[in-house]
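Everything below concerns the one structure shown next.
Read the numbers this way: they start at 1 and go in the same order the structure lists the ligands and their atoms. One-based numbering along the sequence shown.
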Amino acid sequence: MASRRGGTILPGASRQSLGRAPPRQLSAQWGALRFIGDGWEEHMPTMPGLDQTARAIVADGKGILAADETVSTITKRLTARAIESTSDSRRAYREMLFSTPDIAAFIGGVILQDETIRQDSSTGIPLLELLVGRGIIPGIKVDTGVHPLAGAPGEFVAEGLDGLRARLEEYHELGARFAKWRAVFIIRDGLPTAKCIHANAHALARYAALCQEQGLVPIVEPEVLMEGAHALEQCEDVTGRVLQAVFNELFDAQVSLEGMLLKPNMVTAGLRCARQASVDEVAEATLRALTRHVPPAVPGVVFLSGGQDAVLATEHLNAINALGGPKPWKLSFSYGRALQDEAMEVWRGQREQVPAAQRMFHHRAGCDSAAALGRYSGDMEGEAGFAGAAEPPSIHHEPDSTLHTQH
Ligand code: 13P
């Protein structure tokens, strides 16, 4: 334990170079100054260490494995497959994913949650060090879930700001180098309200500023949920309004855009919409929303999968990357279900299934990696040799709701 609290250093990078910024009151030491007519003012600083970490996570063909489901969410997913959820089975499941051979070619970062970041592997090394040893950057989910927003019936606000500075400090000591905070927005008659958008955008910005102060790259995740009967156009409108509000707040909070990653939803029709959009329509609407509302200084946009089928999530990402026009950010993935569902189905909690489940995970991550480069093709799904993947499993469970209050 003592060695873990001593801080884990990423391969090839000193703690200093990982960009732990001094507290804000010392910001003149790292912030840039500019003259604005009647005096000098600090403008949005760049933080070299944070930039470097953010870019390393989304280096060519790499994305993020979101393995930060809370105990209650992962328990739902395990029990849906008749797998008992205990701290040991959760550890075994995550260890199976993290120790997949050669996975670091596709995965630049893994988002953990509080239980996992403190767990040891079956061979006694911390799970976090298992990742670091393979060149994968560990991150941590730090919001404490979404709760009903007062005065806004049917809407939610992500909480967790109280005491966040101390928690971030501890997570940094444990070895985390980035963090995640997820806000959710529902599309329904009159929703989301401006109040809900503002409350969540403000909290995201306060979280992001605190992360950078503590030397962690913030992943800013405003998720417009897929649940609902809304059309693609409504999703595009709401996604645009949400992104605009988030970047306004990030600007006011002086968050360094170069030292963050954005994790948005793709622009899709609601799951209950009678007319589902084509892959190309999703790609075009998604890129349009990003082009209009996301500053080019942001190094990476890592999409959530939000309940999309795994192959469709790959196809959408590929189509977005294959579009022409300016794309100043890396466009990659930070998938939870779309990366894990097939592997969990194969694993089923059985030790002898670990190699087959790892092949399945490697295959899906390889397809998503190709999609992040715009080089995916449907032929890869059938390529037995691509990742040594076995027959894809047939998955019969009902997709769980994205409106779980904790990811
Ligand atoms: P999904 O890809 O399953 O939506 O999960 C991503 C995530 O991290 C949601 O917070």
Side-chain angles (χ1 to χ4, degrees), residues 57-58 63-78 80 93-94 97 107-114 116-117 138-146 156-160 176 178-186 200 203-204 207 217-227 235 239 242 246 261-268 270-271 282 286 300-317 320 331-345 361 364-365 367-368 371-372 395 397-407:
I57 294 169
V58 291
I64 296 174
L65 166 66
D68 59 319
E69 302 86 357
T70 57
V71 170
S72 81
T73 298
I74 190 93
T75 296
K76 273 188 233 145
R77 294 183 186 164
L78 292 170
Y93 173 65
R94 263 82 182 234
L97 294 174
I107 301 292
V110 171
I111 317 176
L112 307 168
Q113 51 81 245
D114 191 69
T116 320
I117 202 170
I140 182 77
K141 169 196 174 70
V142 299
D143 65 80
T144 54
V146 302
F156 297 88
V157 65
E159 294 188 357
F178 70 97
K180 169 192 128 167
W181 179 288
R182 170 182 180 254
V184 300
F185 304 92
I186 296 167
N200 278 292
L204 277 165
Y207 139 82
V217 170
I219 294 191
V220 172
E221 182 178 3
E223 176 175 2
V224 178
L225 295 173
M226 288 177 74
E227 262 117 22
C235 182
T239 301
V242 165
V246 167
L261 294 170
L262 176 71
K263 176 164 174 168
N265 53 285
M266 292 177 187
V267 174
T268 63
L271 289 171
V282 168
T286 302
V301 174
V302 286
F303 295 101
L304 56 93
S305 61
Q308 298 178 48
D309 163 83
V311 176
L312 193 56
T314 306
E315 289 172 348
H316 282 152
L317 179 62
I320 294 166
L331 295 164
S332 191
F333 57 91
S334 175
Y335 294 161
R337 286 160 289 178
L339 267 174
Q340 296 182 47
D341 277 357
E342 296 159 313
M344 192 188 276
E345 196 72 23
F361 174 47
R364 180 53 46 212
C367 290
D368 288 333
I395 297 176
H397 65 90
E398 288 293 308
D400 57 3
S401 164
T402 46
L403 186 50
H404 39 73
T405 51
Q406 301 179 312
H407 172 61

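- Listed by number with element, the atoms of ligand 1 under 4.0 angstrom from any heavy atom of Ala66 are 8 (O).
- Residue Asn265 holds its CG atom at 4.0 Å from OG1 of Thr239, rounded to the nearest 0.5 Å.
- Interface atoms of ligand 1 facing Tyr335, defined by a heavy-atom separation under 4.0 Å, are 2 (O).
- Close approach to Ser334 involves these atoms of ligand 1, each under 4.0 Å from a residue heavy atom: 6 (C).
- Within the 4.5 Å cutoff, side-chain heavy atoms of Leu339 are placed close to those of Ile107.
- Although no hydrogens or angles enter the test, the distance criterion places no donor-acceptor pair under 3.5 Å between the side chain of Glu223 and the main chain of Lys263.
- Below 3.5 Å of separation, one finds an N or O of Arg337 facing an N or O of ligand 1.
- By the side chain to side chain donor-acceptor pair (under 3.5 Å) test, Asp309 pairs with no residue at all, sequence neighbours left out.
- Heavy-atom proximity to Gly336, at under 4.0 Å, picks out these atoms of ligand 1: 1 (P), 2 (O), 3 (O), 5 (O), 6 (C).
- Under the 3.5 Å distance criterion, with hydrogens and angles disregarded, no donor-acceptor pair is assigned to the side chains of Tyr335 and Gln308.
- For ligand 1, the atoms sitting less than 4.0 Å from at least one non-hydrogen atom of Gly306 are 1 (P), 2 (O), 4 (O), numbered in the order shown with element in parentheses.
- Under 4.0 Å from ligand 1, the heavy atoms of Arg182 that appear belong solely to its side chain.
- Remark: Ser332 pairs with no residue by the side chain to side chain donor-acceptor pair (under 3.5 Å) rule, at least two apart or across chains.
- The distance from ligand 1 to the heavy atoms of Lys180 drops below 4.0 Å at these ligand atoms: 7 (C), 8 (O), 9 (C), 10 (O).
- Interface of Lys263 with ligand 1, defined as ligand atoms under 4.0 Å from a residue heavy atom, comprises 6 (C), 7 (C), 8 (O).
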Determine whether Arg94 and Glu69 satisfy the following criterion, salt bridge (Lys or Arg N to Asp or Glu O under 4.0 Å), listing intermediate values before the conclusion.
CA-CA 11 Å; Arg94 263 82 182 234; Glu69 302 86 357; 3.0 Å; yes
